[in-house]
Amino acid sequence: MAESTASQNSTKTPSIEELYNDQDHWHVNTGGETIHAKRMGGLFRNLKWWAASVWLLFFLGPYLRWGDRQAILFDIEGRQFHIFNITILPQDVWMLALLLLFFAILLAVVTSIAGRVYCGYFCFQTVWVDVFTLIEEKLEGNPAQRRKLDKEPLSLRKATIKTVKHTIWLLIGILTGVSFTLWFTDAREMWHDFFTLQASTIAWGTVFVFAFFTHLFAAFMREQVCFWLCPYARIQGVMVDEETILPAYDIRRGEPRGKLKKGEVQEGHGDCVSCNLCVAVCPTGGDIRDGQQEGCITCGLCIDACNEVMDKIDKPHGLIRYASLDAILGKPTIPTFKRPRVLVYTGIMLLSLIGIIYGMFNLGSVELKVLHERQPLFVRQSDGSIQNKYELKILNKTDRDINFLISAHGPDQLVLVDNVSHIHTKFGTTNSHTIFVRVPNKARKQEIEPIEFTITAEDNSEITTSYESMFIGPKP
Ligand code: SF4
Ligand code: SF4
């Protein structure tokens, strides 16, 4: 009796939920095999190329000019970041912090809505691997030919193909490294320095490190980088839930799997014909039919593959499709904009965006602060006039030294003592200048009167700013 119960339990048909949550089926390639994925066309394949083209900005961005300098330049040595006409100094680093927060939360929102879509479409590791494997396919052929070549003993043909392949890969790695350095120094000067071997040790070191790791990660480690090295891949599990839209196999439609026999679909089976094309195209070697895989980067290539099969057997698309777990299991779904985690993430993202926009519109090319001297608050001169002392702190955020004209408006008949009306400022630093303002006592109306200081660049009246302070004296 006990035996019969055990036997019944062992043969009990698992529910759809159990099948989907059955992680025993997970296949994780721990580096023991090289994935040679099949390349096929399709909607998501095209989307991947469009998304990857964003990285052209990485290579071409440093050649954009703005006036007589590079449009985007992260000048670490000069402690200035130039982004078109905006210059960010260390004092404005809070904006960069907000920008990082914005992108971190954006990643969380996107992951919560659509899983690792960043990994599948935009991540540099995915994009570089895609380019590297495309070159590999052009030189070595389709996956079967590549596997065959890998197993072949060393021959002149094999050595030539492998040498050409690794040389091209290495050149891409070097170009990646050089392009990275161009964001930190004027691109034209940097190329000149590389060609004349005058580049700094740091620049050469950066190129070497990038070339080495690009080659190692994109040519050899490939999906293993996502498995073992990427922190985002590890934490994304806490950002997804049953409502997250991911590439998913419709188990209710696909099972039980049939076989294609002489072009005929077997009757009494689901729509999956066990062609394994979805596995063959997967760049991480996973089988989406076993549920969400640890290595799945949600690239959608298995969807393209399966849709093509469905076309051939005259079935509707979508046996594998982007869908949430609840949708696949036929449960009620919650609209994206009503999901609490999406709302919370979006709220934080909007706050940081507001901060960034505020910063952008309030970042002038010059900042002025005026500190009123406290000890003493004022001095009565021998002619009876009242004198106040101020310290002007001028932050010149441009990329050149500037002479500023100073003016002050406030109490009647005020004068700048010694007619100090010019200040020379060095770029990228805060310049301090002390000035004295004097007002005849009879011209004063009250103890404290507002006074406004304005500085204007001598050679460009658009570079100007003002600061309000006060003029203090005894009761008039
Ligand atoms: S491509 Fe579609 S039909 Fe072929 S094995 Fe995968 S799920 Fe089944
Ligand atoms: S299972 Fe599908 S979506 Fe996931 S990585 Fe493989 S091909 Fe891309």
Side-chain angles (χ1 to χ4, degrees), residues 16 19-20 23 25-29 33-49 51-52 110-111 113-123 125-127 129-130 133 143 222-227 230 232-233 236-237 240 244-261 263-266 269-325 328:
I16 290 175
L19 275 174
Y20 244 83
Q23 294 168 2
H25 283 113
W26 276 19
H27 168 72
V28 178
N29 168 24
E33 58 178 304
T34 304
I35 308 285
H36 287 297
K38 183 178 171 64
R39 275 179 185 271
M40 292 180 68
L43 173 67
F44 294 103
R45 175 73 263 177
N46 291 339
L47 271 179
K48 262 173 82 69
W49 282 127
V110 170
T111 308
I113 295 172
R116 291 172 65 183
V117 73
Y118 166 78
C119 303
Y121 293 86
F122 294 102
C123 174
Q125 173 65 15
T126 307
V127 173
V129 169
D130 221 3
T133 49
R222 300 187 183 180
E223 78 288 343
Q224 297 304 310
V225 172
C226 314
F227 279 136
C230 178
Y232 171 60
Q236 51 93 28
V240 299
T244 303
I245 296 165
L246 303 164
Y249 168 67
D250 190 339
I251 202 164
R252 295 187 299 172
R253 184 181 146 189
E255 303 290 314
R257 295 171 202 175
K259 277 263 179 223
L260 257 189
K261 285 197 175 162
E264 293 292 321
V265 184
Q266 286 179 330
H269 288 85
D271 284 353
C272 176
V273 290
S274 304
C275 64
N276 274 343
L277 204 55
C278 50
V279 183
V281 297
C282 178
T284 63
D287 186 343
I288 193 74
R289 294 170 301 170
D290 293 336
Q292 256 296 304
Q293 304 288 301
E294 186 187 354
C296 177
I297 54 172
T298 71
C299 65
L301 295 181
C302 51
I303 301 178
D304 281 341
C306 192
N307 282 345
E308 199 166 309
V309 176
M310 292 300 113
D311 282 341
K312 285 193 179 133
I313 62 171
D314 214 13
K315 299 271 182 183
H317 285 182
L319 176 56
I320 303 175
R321 62 181 182 271
Y322 272 101
S324 69
L325 181 60
I328 284 284

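On a predicted model such as this, the values are computed, not experimentally measured, just so you know. Both counts, for ligands and for their atoms, begin at 1 and track the order of listing.
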closest protein heavy atom to atom 4 (Fe) of ligand 1 is C275 SG, 2.2 Å

shortest atom 6 (Fe) of ligand 1-to-protein heavy-atom contact is with C278 SG, 2.3 Å

So the atoms of ligand 1 within less than 4.0 Å of a heavy atom of C306 turn out to be 1 (S), 2 (Fe), 7 (S)

Near atom 8 (Fe) of ligand 2, protein N/O/S count under 2.8 Å comes to 1

SG of C296 to CG of D290, rounded to nearest 0.5 Å, is 12.0 Å

CD1 of I245 to CD1 of I328, rounded to nearest 0.5 Å, is 11.0 Å

Starting from the C-alpha separation in whole Å, work towards a yes-or-no answer on side chain to side chain contact (heavy atoms under 4.5 Å, CB included) for V240 and R116.
CA-CA 9 Å; V240 299; R116 291 172 65 183; over 6 Å; no

Practice prompt. Determine the interplanar angle of the F44 and Y322 rings, folded into 0 to 90°, and report it as parallel if under 30°, tilted if 30 to 60°, perpendicular if over 60°.
Written response: tilted

side-chain contact (heavy atoms from CB on, under 4.5 Å) filter on V279, not counting sequence neighbours, yields N276, D287, R289

closest protein heavy atom to atom 5 (S) of ligand 1 is N276 N, 3.2 Å

| message | Any carboxylate oxygen within less than 4.0 angstrom of a Lys/Arg side-chain nitrogen, looking at R39 and D304? | response | no

Going through the checks in order, is the side chain to side chain contact (heavy atoms under 4.5 Å, CB included) test met by T284 and C226? CA-CA 9 Å; T284 63; C226 314; over 6 Å; no

Could you go step by step and tell me if R321 and N307 meet the side chain to side chain contact (heavy atoms under 4.5 Å, CB included) rule?
CA-CA 9 Å; R321 62 181 182 271; N307 282 345; over 6 Å; no

Within the 4.0 Å heavy-atom cut-off, what R257 brings close to ligand 1 is neither

Looking only at protein heavy atoms, what sits closest to atom 8 (Fe) of ligand 1 is C272 SG, 2.3 Å

Within 4.0 Å of some non-hydrogen atom of V273, the atoms of ligand 1 are 3 (S), 8 (Fe)

To the nearest 0.5 Å, atom SG of C278 lies from atom CG of L301 at 11.5 Å

A student checking ligand 1 against R289 at a 4.0 Å heavy-atom cut-off should list atoms 5 (S), 7 (S)

Distance col, row R222:CZ vs H36:NE2, nearest 0.5 angstrom, shows 6.5 Å

